[in-house]
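Worksheet for the structure shown next.
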Amino acid sequence: MPELPEVETIRRELVSYIVGRTVRRATVLDPKLTLGLPVQEFEFRLIGQRVEGVDRRGKYLLVRLSDRVLVLHLMMSGRVHLRPADAIQPHTRLVLDFDRDPALHFVDVRRFGRAWALDESDLPAVIGNLGPEPLGDAFDWRTLRDAFSDRQVAVKSALLDQRTVAGVGNIYADEALFSARIHPEAPVDRISTYKLKALAKAVVKALESGIANHGTSFSTFETSRGTPGGHQDHLQVFRRTGQPCPRCARPIRRIVIAQRSTHYCSFCQRRPRGA
DNA sequence: CATTGGACCTGACCGC
DNA sequence: TGCGGTCAGGTCCAAT
């Protein structure tokens, strides 16, 4: 589920539900979650801490505590649920109990998700390599120009690289490239300034649209309150292989770039000449 | 250096 | 029903 719009949707819900609460108990049910930090130490670092706020950096969720920060990355299948402390589900990996319900449950079928309990000063070690926030002032077409210079990688790969811009994943990369009419295999150093400007705007538009629809959910529920997002009904190309392009009605194609499914219209998104 | 391919996990779905 | 293959919203790390 989780790209920037989905994580942002969760963040906004957490802000209204857990800010001001104090952690009474932390329970790690899957030691893999803490990446080698002993479970007891992880839990100890959270207990007694008050939630001061909830931030987001790219696809990372940052739960600001009195003098620590809990960082969550949902990877492919992670979910955050707000439910009673004792309502443990099959794939629950972490539960934070507060002074009253609901508790925060981190549920993750595939077990790729991670959690860190850090001092603020250790945050850069986890999120220090991220590119600019696409919805912040630091991002515009020059960001892409600088990241793309002297490189030949496919633009789709470059957008998925979190050092380029933080938070874009497979769905919103495909959607943005469609909006900007850029072929996903276009080598980044051959994209015109005109197209780069279109792409920067398309990235912002795609992400903002996702947020406005509370994220994209394909099969299971998604937001922390268990309601599905609605953006899947607004996707133009992603997972629409064979269906008509919204612009020209020719069938959407699916190819694989960097081992990721990629969806595009071969008529509207022309390969640069000579590439 | 930059880039690529495999690894990490589990479950759903499809064709035989 | 069972089996094997494919696919899934992400990232890291070794090999090239």
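In this text the structure is predicted, and so the values were computed from the model without any measurement. Within every chain, numbering begins at 1; the chains are lettered A, B, ... in the order of the sequence lines, protein sequences first and strands thereafter.
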Bracket notation of DNA chain C in which parentheses pair within the strand, [ ] cross earlier pairs, and | pairs with another strand (Watson-Crick or G-U, under 3.5 Å): .|||||||.|||||||

Nearest 0.5 angstrom please: [X] [atom1] to [Y] [atom2], how far?
X	Y	atom1	atom2	value
A/Leu62	A/Ile127	CG	CD1	5.0 Å
A/Ile18	A/Leu82	CD1	CG	7.0 Å
A/Leu46	A/Asp97	CG	CG	11.5 Å

Sugar-phosphate, base or nothing in reach of A/Ser157, heavy atoms under 4.0 Å: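 Contact class for A/Ser157: none.
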
Sugar-phosphate only, base, or nothing, as touched by A/Phe238 at under 4.0 Å among non-hydrogen atoms: sugar-phosphate

Would you say a side-chain N or O of [X] is under 4.0 Å from OP1 or OP2 of [N]?
X	N	answer
A/His73	C/dT11	yes
A/His91	B/dG11	yes
A/Arg260	C/dG10	yes
A/Lys59	C/dT11	yes
A/Gln162	C/dT11	yes
A/Arg254	C/dA8	yes

Salt bridge A/Glu8-A/Arg11, side-chain N to carboxylate O under 4.0 Å: yes

Pi-cation contact, A/Trp141 with A/Arg145 (under 6.0 Å, within 45°):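 Yes.
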
Aromatic A/Phe218 / basic A/Arg239 pairing, under 6.0 angstrom, 45° off normal: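 Flagged: A/Arg239 positioned over aromatic ring of A/Phe218.
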
Roughly, in whole Å, what's the span from [atom1] in [X] to [atom2] in [N]?
X	N	atom1	atom2	result
A/Asp161	B/dT4	CG	P	11 Å
A/Leu74	C/dA8	CG	C1'	15 Å
A/Arg114	C/dT11	CZ	P	8 Å
A/Gln259	C/dC12	CD	C1'	12 Å
A/Leu35	C/dC13	CG	P	10 Å
A/Met76	C/dA8	CE	P	8 Å
A/Asp108	C/dA8	CG	P	18 Å
A/Arg240	C/dA8	CZ	P	16 Å

C1'-based separation of B/dA12 from C/dT11 [nearest Å]: 23 Å

Whole-angstrom distance between C/dC3 and B/dC9, as gauged at atom P: 24 Å

Intermediate values then yes/no, side chain to side chain donor-acceptor pair (under 3.5 Å), A/Arg253 and A/Ser266: CA-CA 7 Å; A/Arg253 291 193 188 180; A/Ser266 61; 3.3 Å; yes

Flag for A/Tyr264-A/Gln236: side-chain donor and acceptor within less than 3.5 Å: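 A/Gln236 vs A/Tyr264: no donor-acceptor pair found between side chains.
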
Exercise: do A/Asp174 and A/His263 side chains pair donor with acceptor under 3.5 Å: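 Their side chains do contain a donor-acceptor pair, which is all the 3.5 Å distance test asks for.
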
I'd like a list of close polar pairs between nucleotides 1-3 of chain B and the protein, N/O only, cut-off under 3.5 Å.
{"from": "B/dT3", "atom 1": "OP1", "to": "A/Gln152", "atom 2": "N", "distance (Å)": "3.4"}
{"from": "B/dT3", "atom 1": "OP2", "to": "A/Arg151", "atom 2": "NE", "distance (Å)": "2.9"}
{"from": "B/dT3", "atom 1": "OP2", "to": "A/Arg151", "atom 2": "NH2", "distance (Å)": "2.9"}

A/Tyr60 or A/Ser261, whichever maps to the more 5' nucleotide of DNA chain C: A/Ser261

Stepwise side chain to side chain donor-acceptor pair (under 3.5 Å) check, A/Asp67 with A/Gln49: CA-CA 7 Å; A/Asp67 36 46; A/Gln49 298 275 312; 2.8 Å; yes

Heavy-atom donor-acceptor pair, A/Arg111 side-chain to B/dC9 base, under 3.5 Å: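 Answer is no: no donor-acceptor pair is held.
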
A/Phe112 aromatic ring stacked with six-membered ring of B/dC9, 5.5 Å and 30°: no

Name of the residue among A/Asp55, A/Leu123, A/Val71 meeting side-chain contact (heavy atoms from CB on, under 4.5 Å) with A/Tyr60: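 So, applying the side-chain contact (heavy atoms from CB on, under 4.5 Å) to A/Tyr60 and each of A/Asp55, A/Leu123, A/Val71, only A/Val71 qualifies.
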
